[in-house]
Amino acid sequence: MSVRVRFAPSPTGYLHVGGLRTALYNYLFARHHGGKCILRIEDTDRTRFVEGATENLISSLRWAGVEFDESPEKGGDYGSYIQSERFELYRKYAQELLDRDAAYYAFDTAEELDAMRERMQNAGIAPRYDRTVMRNQYTLGEVETKRLLAEDAQRVIRLKVPLAGEVRFDDIVRGTITVPARDVDDQILLKSDNFPTYHLANIVDDHLMAITHVIRGEEWLPSTPKHVLLYDALGWERPKFAHLPLLLNPDKSKLSKRQGDVAVEDYREKGYFKETMVNFVALLGWNPSADREIFSMQELIDSFKLEKVNKAGAVFDIQKLDWMNGEYLRSKPLDELTEQFLPMAQHAGFTASKEYMCDVVGLLRERVTKLNEIPAFGTYMFTAPTEFEEEYKAKFWTPAMAEPIQELAKRLEASDFAADTINAVAKDYAKESGIKVGVFMNLLRLAVTGKSVGASMIHTMEILGKQESINRIAYFLKAQE
RNA sequence: GGUCCCAUAGACUAAUGGUUAGGUCACCACCCUUUCAAGGUGGCUGUACGGGUUCAAAUCCCGUUGGGAUCACCA
């Protein structure tokens, strides 16, 4: 049977980086096996619906390069791919569960349930629906149940979990997992508004969409016994499960908004490349090689193995993310980077030719980790400095240097101003004047950029051009008088 | 608290039961050098603890400790 996997987010806002990792693993697994990867929107909770969330999710996924073979946009043979358009199906299978005595009606009110939980809490037992004492078809009897149904009383349908024995299932990442049945709750399957809960909708759709492998976050592990019971009750073959380790905050808790950015779009806006995000997140919980860190999407696909996924959670370390982005920044083709840089430069109010922009990116990408840092880092490539770092100036500048600098500028002006020439002229004059080249270079940096840090000075000047550089030196000298 | 999951350095990870426990980020030093980076070289730090099984354990088993997830008419 060919592989079919799915990424099934709930449209509650944005794509979480953990969600990206889950989607990515599904995608890698499907592509590796020549199978299909499906996107399904799980919007059964009307109260949590967020306008535009689905579109946002899809656009983040598309940006990252995770593509789906079947989705709400694309359609497919197993549609609809939006759960709110499939409600009839869930009701049908809820009825079937009822018929098979694997589920039952319950009529408890919210208050009654709260009271029950409080009682159990106080008695020191784990809150769990006790169908032998609550108001449901078993305690009420057939006649009363029929009467309540006939008058359309508020009711839900619950899963009838065995009172004894154990529930067992296999997980590709974790091996066999066994849970005492008495610890599994009689989960609500169909809410009083006739909408399904996640548990019902999820297994109905996974089955109907012929999903072969359920690859999802570890937070789902505790509810998997319920899902397994549902598959069994309906006589359906269980898919294979693979629960992925969680992405963690630095303090090891589940990655959350409280402790930093979690939305993929946040990282995108901050200037991380999609290649970085995919590469980085793929290596959180899995590693295809003992001695390599940089992988293209295709390489990830080629080597992906679910069996090699780690069990332990992984801390999302921004420092390493930054390092990786720098790697991509330095290895990507310059013209591609320039295209991406153009809007950033424009936003910063910089105007220059594309060739010049390209030179600037090529020059400064060695010094930053993200493309969008260039405008702030290298403002001087577009605007002449009017202020000069005091501390830096104090270190190299003395009035006695005015003349030598002037002389050096004069000689440079007479040259062709290529980087190598600038270097040679400066060195010659240094030897001649007995002043260290370093002093000249630092002063040129101060005069031309106003800053103490930046790229190679000779290349900076070459790109700025002779006229501009000479003007800046003159301005600096004048300002010191 | 119940249930379940997990445990290689500060972080991410590699290691058919047999390696001096390897790589990457971070950190430190040195080299390069014109500042800062990048790059190069070297270094620091690790199999949570205790028992077993075995000729041999990071690896298998048990326990302890620690961490995490989850316990809704949310997904």
Side-chain angles (χ1 to χ4, degrees), chain A residues 8-12 42-45 47-48 83 106 108 110 113-114 117 120-121 124-128 154-158 171 173-175 177-180 182-185 187-199 201-202 217-225 243 245-246 248 250-254 280 283-294 308 310-324 326-327 330 364-369 377 389 392 395-396 423 426 436-446 449 451-458:
Chain A
S10 188
T12 56
E42 309 224 326
D43 59 344
T44 54
D45 184 8
T47 64
R48 292 218 308 178
Q83 288 189 329
D108 316 273
L113 291 170
D114 286 345
R117 274 187 210 104
M120 297 182 122
Q121 207 77 266
I125 7 178
R128 181 189 183 291
Q154 280 266 310
R155 86 292 185 151
V156 299
I157 295 177
R158 283 182 182 268
D171 186 284
V173 175
R174 286 149 215 287
I177 290 168
T178 310
V179 180
R182 46 169 301 194
D183 289 315
V184 180
D185 201 6
Q187 189 67 49
I188 289 179
L189 301 176
L190 206 66
K191 301 183 251 185
S192 57
D193 61 4
N194 251 315
F195 283 42
T197 56
Y198 168 84
H199 309 283
N202 188 264
E218 188 188 341
E219 67 267 28
W220 293 106
L221 204 50
S223 50
T224 305
H243 287 91
L246 259 20
L248 273 24
D251 72 355
K252 302 272 187 186
S253 58
K254 190 162 119 177
F280 184 72
L283 264 34
L284 255 24
W286 168 71
N287 202 304
S289 159
D291 54 11
R292 201 148 73 91
E293 300 288 328
I294 304 298
K308 295 280 286 177
N310 265 219
K311 298 188 228 301
V315 173
F316 190 88
D317 179 15
I318 307 256
Q319 268 185 321
K320 188 160 182 179
L321 180 70
D322 282 337
W323 164 78
M324 191 175 278
E327 290 290 305
R330 270 167 258 120
L364 297 182
R365 68 168 166 179
E366 298 280 344
R367 321 277 142 165
V368 297
T369 59
F377 183 88
E389 271 186 37
Y392 190 44
K395 205 165 162 190
F396 293 98
N423 196 234
K436 284 185 176 149
V437 206
V439 174
F440 275 129
M441 289 299 179
N442 279 299
L443 281 173
L444 286 176
R445 180 178 303 285
L446 180 66
T449 73
K451 294 174 61 176
S452 60
V453 300
S456 145
M457 210 43 224
I458 57 176

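Computed from a prediction, not measured in an experiment: that's the story for all the values here. In the text below, chain A, chain B and the rest are named by the order of the sequence lines, each starting its count at 1. Note: hydrogens, waters and symmetry copies are ignored here, and every other heavy atom, side chains too, is used.
- Looking at heavy-atom distances under 4.0 Å, T178(A) makes contact with sugar-phosphate atoms alone, never a base.
- Checked for salt-bridge contact, R174(A) and E218(A) meet the test: a charged N lies under 4.0 Å from a carboxylate O.
- Looking only at side-chain heavy atoms (C-beta outward), I458(A) and M441(A) come within less than 4.5 Å of each other.
- Of the two residues near RNA chain B, K311(A) and P180(A), the one whose nearest nucleotide lies more 5' is P180(A).
- Y392(A) pairs by the ring pair (Phe, Tyr, Trp, His ring centres under 6.0 Å) definition with F396(A), not counting sequence neighbours.
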### Message
Pair D114(A), R117(A) - check salt bridge (Lys or Arg N to Asp or Glu O under 4.0 Å), show working.
### Response
CA-CA 5 Å; D114(A) 286 345; R117(A) 274 187 210 104; 3.4 Å; yes

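- Side-chain atoms of D171(A) come within 3.5 Å of backbone N or O of H243(A) as a donor-acceptor pair.
- Regarding F316(A), its CZ atom lies at a distance of 16 Å from the C1' atom of U13(B), rounded to whole Å.
- When heavy atoms are screened at a 4.0 angstrom cut-off, G217(A) is found touching no nucleic acid atom at all.
- At whole-Å resolution of the value, CG in N310(A) and C1' in A11(B) are 13 Å apart.
- No donor-acceptor pair under 3.5 Å is formed between the side chain of T449(A) and the backbone N or O of L446(A).
- For F316(A), the ring pair (Phe, Tyr, Trp, His ring centres under 6.0 Å) criterion is met by Y267(A), F280(A), not counting sequence neighbours.
- Backbone-only contact: K308(A) has heavy atoms under 4.0 Å from sugar-phosphate atoms and none from a base.
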Between the protein and nucleotides 41-43 of chain B, list the N/O to N/O atom pairs that are separated by less than 3.5 angstrom.
none

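- Between U3(B), C12(B), G39(B), one nucleotide has an atom nearer to the side chain of V315(A) than all others, and that is C12(B).
- Nucleotide C12(B) holds its C1' atom 14 Å from the CD1 atom of I318(A), rounded to whole Å.
- Between L190(A) and T197(A) the shortest side-chain heavy-atom distance does not fall below 4.5 Å.
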### Task
Spell out protein contact along nucleotides 59-75 of chain B as letters: B when the base is contacted, S when just the sugar-phosphate is, - when no protein heavy atom is under 4.0 Å; keep the 5' to 3' order.
---------SSSSSBBB

## Note on the structure
Counting primed atoms, P, OP1 and OP2 as sugar-phosphate and everything else as base, the B/S/- map of nucleotides 21-34 of chain B against protein heavy atoms under 4.0 Å is -BBBSS-------B

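- In this structure, the NE2 atom of H243(A) is 12 Å from the P atom of C5(B), given to the nearest Å.
- Taking atom CD1 on I177(A) and atom P on U3(B), their separation rounds to 16 Å, with Å as the unit.
- Nucleotides A15(B) and U8(B) are separated by 10 Å at their C1' atoms, to the nearest Å.
- For W323(A), there are no ring pair (Phe, Tyr, Trp, His ring centres under 6.0 Å) partners two or more places apart in sequence or in a different chain.
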